[in-house]
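Working notes for the structure below.
In what follows, residues are counted from 1 in the order of the sequence shown. Counting convention: from 1, in listed order, for ligands and their atoms alike.
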Amino acid sequence: MRTFEDLLKESSAIHGHHCAGQVLGVRMAMVGCREVGIDEPRGCKKLVVYVEMDRCATDAVQAVTGCSLGKRTLKFLDYGKMAATFVNTETQQAVRVLAKDDARALAPHYVQDCANPRDAQKQAYRIMPEDALFSVTPVSLRVPAQEMPGYRGDRVQCGACGEGINYHREVRVNGRTLCIPCAQGGLLPNHKAETTPKILLIVGSKKAGKTTLIEKLIPELSNRGYRVATVKHHHSDFPVSVDTAGTDTWRHRQAGAASVALATPTDLAMFRDSEGSLSLDQIVSTLGRTDIVLVEGFHEEPRAKIEVLSNSLNEPLCKTDGHLLAFVTPSAHQTTVPTFEPSSIKPLADLIERKVLRVL
Ligand SMILES: [Zn+2]
Ligand SMILES: [Zn+2]
């Protein structure tokens, strides 16, 4: 292997500047290669490196080893740790090299007369003993065949977005083959946790078939991998009781509890004051983890909606509503939006995926 100074010079040139990360990364890579018995990593084709950081040092590891994402010899694990695991795929020797957290605090002890802490780090990392900088742990790690550089595998198509997926990155959700972004609900990791569920109103006159449509959409969307919740808007023309008189929860409420939760190992039911009229967003925020909320009613809300029209050629409620995505009706209507037969659930679900679920 070339000298430390040589490698550092080259790695700083590739990285774009000379920094403490380059010093640390070059040393880390040199230690890793040595420990797995690879003297000249460049072009050796048997080294695979798993890096756990996306910092300056990552570029140094790449520069020293010649491993890269494109060659499939550099693997990125987004752990935010200053560590890399070096694997000799021929001998199966593997070590994880972790930069010690206290190395930074120790750095000033190794240099004299250095006012700038960054410069002190840069200088100290060159000369600090290896065991002050790194902890090196042998690991038992076999790179799976499909992760090896030369692997060729089938490409499959994502059942939701239709895009091609390489080499077993697809996931199975409820019997469907999906790409990772479609399965997790967004292109970025954790995207799902930050997004609120999509809301789709199913509107229409009384007895138009709203509940029947919702009953068919729930399994269709669930089978496509989405978690579906529903909300039913009940007008206050006549009172409705969801809790049965005489039950324990009913008695709790009768005694004046503002909220009562009924918890079983499989279900959670809540009875609570609606404190006047809760907004749809407030209601949806109580529903737990969900991808889409199908709301029966609330037709005046300015949100994506589908109107169900019964056979009787009623005048549509939302004919001029810009949020109307489609009509569901067995009879012909003059419309500017798509019309679906009540039995055409799959094409309707396709439209919902396109117009509601996949809108970022
Ligand atoms: Zn840097
Ligand atoms: Zn996809």
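In this structure the side chain of Phe76 never reaches within 4.5 angstrom of the side chain of Thr58, judged on heavy atoms. At least one side-chain heavy atom of Glu130 sits under 4.5 Å from a side-chain heavy atom of Arg34. Between Val337 and Glu307, every side-chain heavy-atom pair lies at or beyond the 4.5 Å cut-off.
Taking the Zn ion (ligand 2) as the apex, the angle formed with SG of Cys161 and SG of Cys158 is 110°, to the nearest 10 degrees. One finds an angle of 100° at the Zn ion (ligand 2) between SG on Cys179 and SG on Cys182, to the nearest 10 degrees.
Ring pair His168/Tyr151 is tilted by interplanar angle, where 30° to 60° counts as tilted.
Among the atoms of His18, no N, O or S atom falls under 2.8 Å of the Zn ion (ligand 1).
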